[in-house]
> 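Below you'll find the structure I mean.
The analysis underlying the following values was restricted to heavy atoms, covering all of them including side chains, and did not include hydrogens, waters or symmetry mates.
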Amino acid sequence: MITLLAKLLKVLNAEAAPGQVSAAFCLALFFAFMPFFTLQHVLLLFLVLVLRVNLTGFILGWLVFAAVAFFLYPLFHWLGMAVLSADVLEGFWRFLYESGFWHLTRFNNTVVMGGFIAALVLFLPLYFTSNALIRRYRQHFMAWLEKTRFVQMIKGSRIYSAYRTVSGWRKPI
Amino acid sequence: MNRLIRWPGLAAFVVIAALCLAVWYLVVDYAAEYMVERTGTKAVGAEVELASADLTLFPLGLELNGLQVTNPKQPMRNALVAERIRMTFNPGHLIKGKTVVEAMSASGLAFNKERTTSGALPETKKLSEKGAEIRERLRSKLGEFPSLAAKNAKEILENEKLATIEEAEALRTDIAAARENFKARLDALPDKETFKEYKARIRNLREDSGLSGGVMGVIGKVDEVREIRKDIKKDLEVLRSAREDLSRSRAEFQNRLKDLKNAPARDAERLMEKYALSPKGISNMSALVFGPRYAQWVETSLIWYQRLSPYLAGMMRGGEKEEKRRRGEGVDVEFAPHRQIPEYWIKTADLAMEVGGGTAVGQFQDFSSNQQVLGQPLVFAFSGSGLKDAGTIEAEGHLDRTNPESPEDLVKFNLKQYPLSDFTLLDRQDMAVLLESARVGSAEGSIRVAGENLDADIQAVFDTAGFKVKSDQADNLLISGLTDTLQNIRSFDLSAELGGTIGKPDVRIASNIDDTLQAGLKQTLAKRQAELKSDIKRAVTRQTDDAVESVASGLAGLDAIKKAIQERLELGSSVLPG
């Protein structure tokens, strides 16, 4: 069972290039910044699984950004309310509101709209920043980190052994 | 392409989606069943059960089977039973979060059916408290059925406290206290010795009436006589004042004694009112016979109405809901569509219910969570004709919350040729009155609730009636009278009115049965009443005679004090020098 799970993880988690990890972070940003389960979440889940992005990066990013989002909800609410009540966009929102389909996105919720806009704005900066940070990490810190007791403990776990067995452990790019 | 797409990921997505759908498919029916039962139980205050629920996607709808709603007042009976309720939803509105039922049908509706197990919830105190309040109010409006328990004067007096005894005791105590008070006062008043002293002083002055001391001496003696006279007058004044006080108190006690002598008659009258059936008592006998059952219906209806009131009030909730938001919940901004839709809206519902040995059909329209938004009241109409056991049943009405300032609920009904059998009208421990068989020739009326105010008027005509009075005390005057009179009644009319407010309803019941009962019972009652009255009076007088006697003897004690004061006054006047 553990071997089977490890095989699935290996397939889904094989994409470990900095760009693939950064893309996973960016998708996690959208996923975490919009509360509730909406149509966007289904689409994001589809993209995460189908596109060659790093799944671990996505899960890690989701956890981190969800924690950040908790503190930013009032800001999202304010931002969403400002956008949704903008006079110039009223006709557009009304058009979406009349259609049942767009209700699946919960676009008219202030926090969903605010979170979506925030994620949209942060998408590219996050992508390039994390790309650069991952490269720097791998160059300067990875070797040191692997020697720490915590990483050694993880490497000694059963699930990690199974993972190594099926992945034939390779050095990241 | 392969550089971008992870094909196993696509497979994983498909598997996850399929798993979610499978779980949804397996669980959704149970979830719907649970939701209906939970929400219903909370709203009704007793078990609401569902045999099964079936949510379908094409067309989007819900089917509820075997719905049972327990009557919270009678947990072994179901207030409502429905074999099958089917509704189809508007998917477009459902996505928008509005539950719009395009069409609904309910079949196998039945009311007041027996249950196999109790549907009571552990906590039903509030309901019973509310019920008790309304029940008490209705009972006081309908009057109390005369007691059958006490049969003769002796038994009545064994169970009753007489006001005469209490009044006599109070008067006796007051007189004794007054007597003690005046006795003490008498001791302090000028007595024989005082006046004897005055007499001696006057005698001394007279004996010493020579011219010793010259003119000045004579003048001095005149002054002394004047002084004695002044003292005597002062003492006499004190005695007079005491006599007046005593007379006043005595007169007061005399009046109370006079009143006390009438108290036994008052006691007898009160006991007659309570234990004997006076002409006043039988003047509205229909209220006493039909009232309890009618009051029970009113009570049940009002409790249900109050229970549903929060939901009815919700129908006129306007504007955006002011609710406390949780963190991250945000606000759903509403963009007014061309036509506003309330949160819940059943456009039409067709109902089929078992009644009168057949099926009556009905329809209601525009059952919505917010009538103000919809702009339409809930209207309903039911009818059944050609039923096996009944001629015609019709009801129509509305629940109007379109204007929150003046909410109004109205139902008008019309019933013809409806049979009744073994219908219990009055069910007491000591007696029961049954309508063994009858037919409602016609019954029509309206019930209107405007805000808190009630207004109902029901007129019914019954024929082929057969009453039965059940009791172990068949020889009891009232029971035998009722039995004799009711068994000859074949047709009667009944008028029931309801007014007041939901919390404090007023009921009035009248029937031509009153005249028949009065005529039938009057003569027998009058004779028995006279006998009982005389017995009670005699028994009360016997019991109260001693008490009244002891009060009268207490007054004699006061008279003795008064006599003593009078004697002192006379003595004082006799020694007063001229």
> Determine, stepwise, if the pair A:Leu96 / B:Phe335 fulfils side chain to side chain contact (heavy atoms under 4.5 Å, CB included).
CA-CA 9 Å; A:Leu96 298 185; B:Phe335 297 95; over 6 Å; no
> Chain B heavy atoms under 4.5 Å from A:Ser99: which part of the residue, side chain, backbone, both or neither?
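Contact with chain B involves the backbone of A:Ser99 alone.
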> Let me know if A:Val48 has heavy atoms under 4.5 Å from chain B in its side chain, its backbone, both or neither.
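The answer is the backbone of A:Val48.
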> Check B:Leu10 against A:Phe46 and note the closest heavy-atom contact, atom names and distance.
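Between these two residues, the closest heavy atoms are CD1-CE1, 3.4 Å.
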> Within the 3.5 Å criterion, strictly below it, is a donor on A:Tyr97 or B:Glu334 matched to an acceptor on the partner's side chain?
yes
> Which region of A:Phe36, side chain (C-beta onward) or backbone (N, CA, C, O), has a non-hydrogen atom less than 4.5 Å from a non-hydrogen atom of chain B, or is it both or neither?
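It is the side chain, since no backbone atom gets that close.
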> B:Arg6 side chain to A:Val53 main-chain N or O, any donor-acceptor pair under 3.5 Å?
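Checking the backbone N and O of A:Val53 against the side chain of B:Arg6, a donor-acceptor pair under 3.5 Å is found.
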> Using heavy-atom distances under 4.5 Å, tell me whether B:Ile16 contacts chain A through its side chain, its backbone, both, or neither.
side chain
> Under 4.5 Å, heavy atom to heavy atom, which residues of residues 120-131 of chain A contact chain B?
none
> Applying salt bridge (charged side-chain N to carboxylate O under 4.0 Å, His left out), which residue pairs with at least one partner in residues 44-54 of chain B are found, sequence neighbours left out?
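For residues 44-54 of chain B, and leaving out neighbouring residues, the salt bridge (charged side-chain N to carboxylate O under 4.0 Å, His left out) pairs sorted by first residue read B:Glu49-B:Arg115.
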> Please give me the minimum heavy-atom distance between B:Asp332 and A:Asn109, naming the atom from each residue.
OD1-ND2, 3.0 Å
> Assess whether atom CH2 of A:Trp62 is packed by more than 12 heavy atoms of other residues, nucleotides or ligands within 6.0 Å.
no
> Is it the case that more than 12 heavy atoms not belonging to A:Phe141 sit under 6.0 Å from its CZ atom?
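It does not: A:Phe141 CZ has 12 such atoms or fewer within range.
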> Checking heavy atoms, do the side chain of A:Met81, its backbone, both or neither come under 4.5 Å from chain B?
side chain
> For B:Ser406, which residues count as a side chain to side chain contact (heavy atoms under 4.5 Å, CB included) partner, sequence neighbours excluded?
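For B:Ser406, the residues satisfying side chain to side chain contact (heavy atoms under 4.5 Å, CB included) (neighbours in sequence not counted) are B:Asn403.
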> Looking at B:Phe13, I want to see if its CZ is surrounded by more than 12 non-hydrogen atoms of other residues, nucleotides or ligands under 6.0 Å.
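Yes - once you tally the heavy atoms of other residues, nucleotides and ligands closer than 6.0 Å, there are more than 12.
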> I'd like a table of donor-acceptor pairs (distance under 3.5 Å, sequence neighbours excluded) in which one partner is a side-chain atom from residues 20-36 of chain B, with atom names and distances.
unit_1	atom_1	unit_2	atom_2	d
B:Asp29	OD1	B:Leu55	N	2.9

> Take atom CZ in A:Phe31; do more than 12 heavy atoms of anything else shown fall under 6.0 Å from it?
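Above 12, so yes.
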> Main chain of B:Gly330, side chain of A:Thr110: is a donor-acceptor contact present, judged purely on distance under 3.5 Å?
no
> Check whether any side-chain heavy atom of B:Trp7 sits under 4.5 Å from a side-chain heavy atom of A:Val50, and report yes or no.
no
